[in-house]
Amino acid sequence: MNTMNIRPAFIYKFRETIKIIVIFLGIMAAILTGVIYLVSLNLGNDNAVSGSLSAFMTVTANMLFVVGIATIREDIRLMMQNGIGRRTVFTVELLLILSASLILAVAGDVFIAIGHTVTADWQGFFITDLYQLLYANEGNYKMSFVQHFESIAFAFSIYVCATLAGILISLIFYRLNKIGTIVLAIGAPLFFFVVLPITLNRTGVGYYLKPLLVAIFEFIHSSPWAFMLCSLLTSIIIGIFSWLLMRRAPVKPAK
């Protein structure tokens with residue numbers, strides 16, 4: 001791995017990543033502002049306003065998942081054609097994932113804090129997110145400094161895992177030929193959503209797996225740090241498989 005190539009490659013890709021982040025945050029800010037404005041118009045009406053806005057973390061994770069799928073192939077082609085080795089490419093990708101995930105995690109917490117401040121006196125309507133729904137059960141979802149830190153770390157772990165998952169899926173399809181791509185695209189959903197559930201049910205394996213799955217779920221729900229530990233382990237496993245696929249990935253023309 002040529003460390004001299006990491007800095008210029010990272011700076012070049014980080015500038016592109018920042019553009020995506022700015023556009024995304026602009027859209028989310030517009031949505032947050034629009035929802036707050038529309039709710040405020042109905043506060044004086046006789047009809048009570050109730051509900052919550054809690055989509056930032058989920059939408060961001062989905063966005064990063066798609067970005068991971070869409071960008072990794074182009075990054076491999078671009079960097080390798082410019083004499084950058086696979087290890088350097090993978091290192092740059094990891095640095096980009098960590099940077100983007102941290103920026104979005106902090107931005108999301110700022111959005112939630114602003115929403116809390118604006119809607120602090122509102123009854124029946126909350127600006128919240130996944131961390132608050134799972135682990136912060138106070139009345140108006142008001143959080144301490146420690147909870148804000150946990151919320152950022154919680155979101156960060158989700159974003160890293162989601163981006164790596166997108167990269168892994170993209171690399172799997174990248175390494176397959178045309179027939180393999182079609183078979184996997186059709187067969188994978190069929191296997192996981194039809195064949196596997198039926199098999200587990202009819203063989204009785206699902207009955208024995210249920211206590212294990214319940215225990216895992218209870219552990220994840222016990223604290224945000226338990227969830228983050230599971231996300232970290234999942235990210236490491238996904239990252240290892242992604243590297244194994246990338247280390248021998250040929251440079252293919254864009255389809």
Side-chain angles (χ1 to χ4, degrees), residues 17 21 54-73 75-76 86-87 89-109 129-136 147 149-176 184-185 187-189 191-193 195-197 200 205-206 208-249:
T17 303
I21 291 175
S54 55
F56 186 90
M57 224 175 264
T58 304
V59 173
T60 305
N62 289 331
M63 184 273 292
L64 289 173
F65 176 76
V66 173
V67 169
I69 292 176
T71 60
I72 184 63
R73 303 183 189 186
D75 291 347
I76 292 175
R86 290 176 176 84
R87 289 186 181 180
V89 174
F90 191 69
T91 301
V92 170
E93 293 298 322
L94 289 179
L95 292 174
L96 286 170
I97 291 171
L98 296 175
S99 301
S101 298
L102 180 59
I103 292 172
L104 288 167
V106 173
D109 193 72
D129 215 334
L130 189 59
Y131 168 83
Q132 290 81 9
L133 293 174
L134 292 176
Y135 303 109
Q147 288 177 317
F149 177 79
E150 287 181 346
S151 176
I152 292 172
F154 177 80
F156 175 79
S157 67
I158 293 177
Y159 299 160
V160 171
C161 191
T163 313
L164 284 170
I167 288 176
L168 177 61
I169 291 175
S170 184
L171 288 172
I172 290 173
F173 280 97
Y174 184 72
R175 293 295 302 273
L176 293 174
L184 182 62
F191 174 77
F192 284 107
F193 294 107
V195 176
L196 185 60
L200 293 177
V205 177
Y208 296 101
L209 286 177
K210 184 177 179 180
L212 175 62
L213 296 176
V214 171
I216 293 174
F217 176 79
E218 290 178 349
F219 173 73
I220 291 173
H221 194 263
S222 63
S223 76
W225 297 104
F227 183 98
M228 285 181 263
L229 176 61
C230 293
S231 293
L232 174 62
L233 294 176
T234 304
S235 298
I236 291 174
I237 294 172
I238 294 174
I240 290 173
F241 279 106
S242 297
W243 165 243
L244 293 175
L245 289 171
M246 183 186 290
R247 66 195 296 262
R248 297 185 180 277

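None of these values were measured; they are calculated from a predicted model. Numbers here are sequence positions counted from 1.
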* Structure fact -> Only one of V160, V106, I158, T60 passes side-chain contact (heavy atoms from CB on, under 4.5 Å) with S101, and that residue is V160
* When you measure from the side chain of S170 to the backbone N and O of G166, does any donor-acceptor pair fall under 3.5 Å? -> no
* Asked: Taking side chain as C-beta onward, heavy atoms only, is I69 less than 4.5 Å from F173?
  -> no
* **Closest non-hydrogen atom pair, I76 against Y174** => CG2-OH, 4.4 Å
* Determine the minimum heavy-atom distance between M63 and L104, stating which atoms define it. => CE-CD1, 3.9 Å
* Minimum heavy-atom separation for L244 to R175, with atom names? -> O-NH1, 4.2 Å
* **Taking every non-hydrogen atom, the tightest pair across Y159 and L64** => CB-CD1, 3.3 Å
* When you look at W225 and F154, which way does the side chain to side chain contact (heavy atoms under 4.5 Å, CB included) test go after all the steps? -> CA-CA 8 Å; W225 297 104; F154 177 80; over 6 Å; no
* **Separation of C230 SG from I220 CD1 (nearest 0.5 Å)** => 4.0 Å
* **Gap separating the CG atom of D75 from the CG atom of L96, nearest 0.5 angstrom** => 7.5 Å
* To do: Can you measure from SG (C161) to CG (L233) and round to the nearest 0.5 angstrom?
  => 10.0 Å
* Give the minimum heavy-atom separation between A162 and A61, together with the two atoms involved. => CB-O, 3.6 Å
* Derivation of the side chain to side chain contact (heavy atoms under 4.5 Å, CB included) call for L171 and I72 -> CA-CA 8 Å; L171 288 172; I72 184 63; 4.1 Å; yes
* To do: Check step by step if side chain to side chain contact (heavy atoms under 4.5 Å, CB included) holds for I169 and F65.
  => CA-CA 10 Å; I169 291 175; F65 176 76; 3.5 Å; yes
* **Those residues that, when tested against W243, pass ring pair (Phe, Tyr, Trp, His ring centres under 6.0 Å) (two or more places apart)** => F90
* Asked: Under 6.0 Å between the ring centres of F227 and F219?
  -> no
* Asked: Have Y131 and E150 got a donor and an acceptor in their side chains that come within less than 3.5 Å?
  -> yes
* Contact check, side chains of I167 and I238, non-hydrogen atoms, under 4.5 Å -> no
* Nearest 0.5 Å, what's the CD1-OG1 distance between I97 and T163? -> 5.5 Å
* Asked: Is a side-chain donor or acceptor of E218 paired with a backbone partner of A215 at a separation under 3.5 angstrom?
  -> no
* Structure fact -> Nearest heavy-atom contact between I152 and A105 is O-CB, 3.4 Å
* To do: To the nearest 0.5 Å, tell me how far Q147 CD sits from Q132 CD.
  => 8.5 Å
* To do: Output all residues satisfying side-chain contact (heavy atoms from CB on, under 4.5 Å) with I172, sequence neighbours left out; order by chain, then residue number.
  => L168, L176, L184, L245
* Structure fact -> Rounded to the nearest 0.5 angstrom, the CD1-OG distance for I237 and S242 is 11.5 Å
